Visitor: 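Structure below; questions to follow.
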Amino acid sequence: MRQSKLFTKTKRESPTDEVSKNAELLIRGGFVHKEMAGVYDYLPLGLQVLRKIENIIREEMNAIGGQEVFLSALQEKELWQKTNRWDDEIVDNWFKTKFKNETELGLAFTHEEPLTRLMKDFVNSYRDLPFSAYQFQNKFRNETRAKSGVMRTREFIMKDLYSFCKDEKEHNEFYEKAKEAYEKIFQRVGIGHITYLTFASGGVFSKYSHEFQALTGAGEDTIYIDEDKGIAINKEVYTDEVIENLGLSKERLVEKRAVEVGNIFTLGTRFSEALDLTYQTEKGDKKNVFMGSYGIGPARLMGTVVEALADDKGIIWPESIAPFRVHLLVLGEDKEVIKKAEEIYAELLKNKIEVLFDDRGEMSPGEKFADADLLGMPIRLVVSQRSMKESGIELKKRNEEKGKIVSQEELLDLLKLEPRA
Ligand code: ATP
Ligand code: MG
């Protein structure tokens, strides 16, 4: 992509109405646009990041057998009354609206109810189980606080997977697989090293739920981590009893700020009982399906990456989710230099290397460098009179201080050899 054609422009000034670093950098870089408090639009560069994160999640969900669906966001009052989750006194973040005939409806903040009901059409016998279904779908939540940029918004895409098993034993097996899939996702997105499996409050069917908490000062949660074991306890369940229960010792636990990037939960038969989702066992009796739910917010992940990896010059995207892998800059107006840069751009495209080409005229080198740092592509290539004097191209990684000159021949080999995360 040519940067001269990109309709978004970077901004030098920070927005005055943002307190979070992720929103500030993402808005300045033109990744997102703020509609109102807690409501953001995704622009071309931001959408690329979001889609790449979604694809990593999708691959890992498919790998554990998840089947993708897409449910409606419009919710029927009667359905949610059956599980006692319609009342605003009980669920305080509903957005609700009405049909023209005054029938009330809700905008989904989660999808346990409709998906459980839907499965009544398809689950009859023990032979139909186990399986899991997931979606990427907009959730609406009337969040009280919306000061964390894209990490907590009032409309957001969630990947939510639901598992349907015959019994607790079968569920536990799937749950472990899901846990491993989650670990892979956070690794691949580039925050594996700061993400901790965290014990949080469970429900009737299990003592704990598991959150995946990423360390960042921008997080709203407090957790206690055991660095050696790589696990943590959420403050909400942090008691002497729980510490002992998990075989941890208080002296080793360190208090940290973190953000919940994902969450897995044993639902048991809470929903299948309320909505009568049953199957016939081998012996011929009727049993409730045993369920679990597994959520991740791709935009929250994106915000977390910005918060955790950025430096004072801007964003640093991991290769796996960067909008473009390479940012190619041409400096100055010299015809030979421009010709060389165009040649390299064409060659990168031919070799299917994702590249943003800063071909904008009337821009000082300083402005171009500042934009490249702000936008955060992993590899910066510079073609200038100086680099050409050294008969090459300057290659610098965003997370390294110094670059090096490489020849045109070396360049492609180098880019091909670079491991793609
Ligand atoms: P939190 O405790 O942070 O409010 P939650 O426990 O309500 O989140 P879940 O209902 O488990 O969140 O949602 C699953 C995932 O969706 C979360 O782990 C998070 O990644 C993401 N998520 C939740 N709320 C938001 C939001 N308001 N904006 C963006 N992502 C969100
Ligand atoms: Mg939570």
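What you see is a predicted model, and the numbers here were worked out from it, not measured in a lab. One is the number of the first residue; the rest follow in order along the sequence. No hydrogens, no waters, no symmetry mates; every other heavy atom, side chains included, goes into these values. Ligands are counted one by one from 1 in listed order, and the atoms in each one are counted from 1 as well.
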Visitor: Which of the numbered atoms in ligand 1 are under 4.0 angstrom from any heavy atom belonging to Glu143?
Guide: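 Near Glu143, meaning under 4.0 Å from one of its heavy atoms, ligand 1 has 24 (N), 26 (C), 27 (N).
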Visitor: Out of curiosity, is Ala299 lining ligand 1, as in a heavy atom under 4.0 Å away?
Guide: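 Judged by the 4.0 Å heavy-atom criterion, Ala299 does not count as contacting ligand 1.
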Visitor: Decide, yes or no, whether a salt bridge links Asp17 with Lys34 under the criterion of side-chain N to carboxylate O below 4.0 Å.
Guide: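 The answer is yes: the pair qualifies as a salt bridge.
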Visitor: With atoms numbered from 1 as shown, which atoms in ligand 1 lie under 4.0 angstrom from a non-hydrogen atom of Val261?
Guide: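 It comes down to these atoms of ligand 1: 18 (O), 20 (O).
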Visitor: Would Gly295 count as being in polar contact with ligand 1, using the rule that some N or O on each side must be under 3.5 angstrom apart?
Guide: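 In fact, backbone or side chain, Gly295 has no N or O that close.
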Visitor: Among Glu260, Arg154, Gln213, Met302, which one has a heavy atom closest to atom 8 (O) of ligand 1?
Guide: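 Closest candidate by heavy-atom distance is Glu260.
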Visitor: Looking only at non-hydrogen atoms, find the nearest pair between Asn234 and Thr222 and report the distance.
Guide: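 Looks like OD1-O, 3.7 Å.
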Visitor: Would you check if Asp87 and Val91 make a side-chain contact, meaning some heavy-atom pair closer than 4.5 Å?
Guide: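 Of all side-chain heavy-atom pairs linking Val91 with Asp87, none is under 4.5 Å.
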Visitor: Could you name the option among Glu220, Glu211, Arg141 that has the heavy atom nearest to atom 5 (P) of ligand 1?
Guide: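 Considering heavy atoms of Glu220, Glu211, Arg141, the nearest to atom 5 (P) of ligand 1 sits in Arg141.
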Visitor: Need the ligand 1 atom indices (1-based, order shown) with element for anything under 4.0 Å from a heavy-atom of Met158.
Guide: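 Those qualifying, in numeric order: 13 (O), 14 (C), 16 (O).
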Visitor: Can we say Lys250 and Asp240 salt-bridge, meaning some charged N sits less than 4.0 Å from an Asp/Glu carboxylate O?
Guide: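 Here Lys250 pairs with Asp240 in a salt bridge, since their nearest N and O are under 4.0 Å apart.
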Visitor: Please confirm whether Lys96 makes a cation-pi placement over Trp86, using NZ or CZ under 6.0 Å from the six-membered ring centre and within 45° of the ring normal.
Guide: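 Here Lys96 passes the 6.0 Å and 45° test against Trp86.
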Visitor: Between Glu112 and Arg270 (salt bridge meaning N to carboxylate O under 4.0 Å), is one present in this structure?
Guide: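 Not counted as a salt bridge, because no side-chain N and carboxylate O are separated by less than 4.0 Å.
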Visitor: Going by the atom numbers of ligand 1, which of them fall below 4.0 Å from some non-hydrogen atom of Gly262?
Guide: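 The list of qualifying atoms is 18 (O).
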